[in-house]
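Data block below; observations after.
Residue numbers begin at 1 in each chain, while the letters A, B, ... track the order of the sequences.
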Protein chains: 2
Amino acid sequence: MTRLQNRATGGRRRASHSMESVLTEAVALLDEAGAPALTFRALAQRLGGGVASIYWYVDSKEELLDRATDHVIGAVLADVERLPGSDDPIDDLRAMAVTLFDAIVDRPWLGAYFMRNTEAQSNSLRLYERLGQQTLRLDLTAHQRFHAVSAIVGVVVGSAVDMGQEPPAEILDGAVSREEFLGRFAQAWRELDPEEYPFVHEIVDEFDGHDDVDQFRSALELTLTGLRLQAGTRP
Amino acid sequence: MTRLQNRATGGRRRASHSMESVLTEAVALLDEAGAPALTFRALAQRLGGGVASIYWYVDSKEELLDRATDHVIGAVLADVERLPGSDDPIDDLRAMAVTLFDAIVDRPWLGAYFMRNTEAQSNSLRLYERLGQQTLRLDLTAHQRFHAVSAIVGVVVGSAVDMGQEPPAEILDGAVSREEFLGRFAQAWRELDPEEYPFVHEIVDEFDGHDDVDQFRSALELTLTGLRLQAGTRP
DNA sequence: GCGTCGTATCGAACGTTGTTCTATCGTAGC
DNA sequence: GCTACGATAGAACAACGTTCGATACGACGC
């Protein structure tokens with residue numbers, strides 16, 4: 001689609017984009033080096049065009065982020081809709097939440113922007129709807145249903161934000177592994193006064209080398225059993 | 001503490017700060033207009049000094065944010081330690097979580113930075129310890145205790161992030177109230193296809209004019225009942 | 001009194017960011 | 001061909017975090 005122009009002045013090309021390509025490359029940048037890597041200049045270079053051209057597709061960086069987020073949430077939504085489904089709505093809720101969480105594990109930057117603006121994020125709304133539909137199968141009031149879905153999304157986002165924060169550079173360039181980094185923290189904790197920090201000492205071994213997915217699963221399970229009790233259904 | 005100097009050249013003053021004053025003014029800026037308002041230039045102007053002076057107290061903006069966050073978490077910790085305490089550790093956990101959440105309601109910017117870096121945030125670690133101590137009174141494994149506290153913190157952060165995002169400017173300058181803004185969303189939702197969005201229609205009235213604190217309380221209650229069941233204690 | 005050292009301060013500059021301005025190209029319709 | 005419009009792009013702008021070098025101040029030795 002790109003064309004030659006102005007052969008006399010050296011044959012500079014004009015780039016020809018599309019909403020799709022802009023979003024795809026934006027997501028690629030986010031995937032490769034996280035949120036700070038997505039700048040208009042980096043994106044323009046990748047698209048082989050000028051900085052200002054991006055503003056034809058998008059009014060601001062906020063909108064770019066929203067659209068990029070919604071773009072990948074679309075894939076998550078497809079995964080969720082492809083889920084088999086069972087006779088237990090709570091099992092289905094768990095499967096959906098795990099699917100969403102897995103997507104955020106693959107793309108840590110998602111955590112910060114997911115569900116920020118349902119206006120420009122139509123796929124997020126659809127996902128929200130899908131989660132909510134499972135609560136329609138439970139014996140709850142509308143009030144309880146609303147809060148149940150909020151709670152589940154809250155658990156996902158809460159866990160995701162924990163992992164979403166940029167690792168401290170030393171870990172990004174591979175100078176130290178994640179295990180080393182956690183271990184360093186654990187060591188500092190072990191040197192605290194056991195009288196003053198009995199709990200920290202109790203769990204320091206659990207913290208050292210812990211798995212984020214386990215942590216999320218446990219948190220999710222607590223809310224789900226709470227929800228199950230509230231709905232009065234048998235496990 | 002400020003002194004006069006160089007009277008001959010017009011009597012320009014030299015400002016004299018302290019870690020305390022820097023942090024206090026930084027928090028004041030955050031409180032007044034949110035995270036984007038805290039810039040080194042704005043802070044310097046408020047302190048009546050130069051921009052570079054702040055770098056004597058702090059090595060980067062990240063450290064400034066960490067220290068400012070820990071500064072106010074110190075007050076939260078004091079509130080938590082002032083809590084009466086009961087014979088039910090889960091009741092105490094709830095009271096602590098609510099205290100923390102209330103602090104974030106007052107200072108929405110807290111949500112984004114709380115628990116980001118326990119290295120420079122000693123008060124956060126103390127708060128984490130205080131929460132964990134309650135789980136020591138429950139019949140749980142160390143593994144379960146670790147996950148329980150993570151879950152509770154996750155619920156707080158998850159709810160806080162929801163509210164922590166900057167309102168879209170129209171609401172900041174008072175052009176539209178929060179109720180109007182929510183109502184606009186609700187109206188858009190009501191116009192969706194009821195066949196395709198049954199859940200959204202079910203809860204749109206709950207969403208319209210909903211209270212963030214209620215939402216948080218419900219989510220917290222679900223995890224707490226889940227935890228209670230896990231510990232096998234009677235309510 | 002004078003020089004020196006460490007603490008503390010500040011103006012100016014640098015590089016990068018999001019955003020806007022203005023000018024341009026290429027194609028489709030007349 | 002001319003025009004209107006969709007699309008592109010370079011240059012400039014303001015604001016930001018950060019760094020540099022110079023400078024002031026109080027305390028100390030002498």
[X] has an atom [atom1]; how far is it from atom [atom2] of [N], in whole Å?
X	N	atom1	atom2	result
Trp56(B)	dC25(D)	CH2	C1'	14 Å
Arg14(A)	dT24(C)	CZ	C1'	6 Å
Met19(A)	dT8(D)	CE	C1'	15 Å
Tyr55(B)	dA12(C)	OH	P	18 Å

Side-chain N or O of [X] versus OP1/OP2 of [N]: is the shortest distance under 4.0 Å?
X	N	answer
Tyr57(A)	dT8(D)	yes
His17(A)	dG6(D)	no
Ser53(B)	dA8(C)	no

Validation row: Arg126(A), Tyr197(B) side chains within 4.5 angstrom (heavy atoms)
yes

On the 0 to 90° scale, with breaks at 30° and 60°, tag the Trp109(B)-Tyr113(B) ring pair as parallel, tilted or perpendicular.
tilted

Look at the aromatic rings of His210(B) and Phe146(A) and report parallel, tilted or perpendicular, splitting at 30° and 60°.
perpendicular

Pairwise salt bridge (Lys or Arg N to Asp or Glu O under 4.0 Å) hits with a residue in [range], at least two apart:
range	result
residues 95-111 of chain A	Asp31(A)-Arg107(A)
residues 174-184 of chain B	Glu170(B)-Arg184(B), Arg178(B)-Asp212(B)
residues 39-57 of chain B	Glu25(B)-Arg46(B), Glu32(B)-Arg46(B)
residues 51-65 of chain B	Glu63(B)-Arg67(B)

Near-strand residues of residues 58-68 of chain A, defined as heavy-atom separation under 4.0 angstrom from DNA chain C
Ser60(A), Lys61(A)

Donor-acceptor side-chain pairing of His147(A) and Gln215(B) below 3.5 angstrom:
no

Please list residues of residues 23-45 of chain A whose heavy atoms come under 4.0 Å from any atom in DNA chain D, ordered by number; otherwise none.
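Within residues 23-45 of chain A, the residues near DNA chain D are Arg41(A).
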
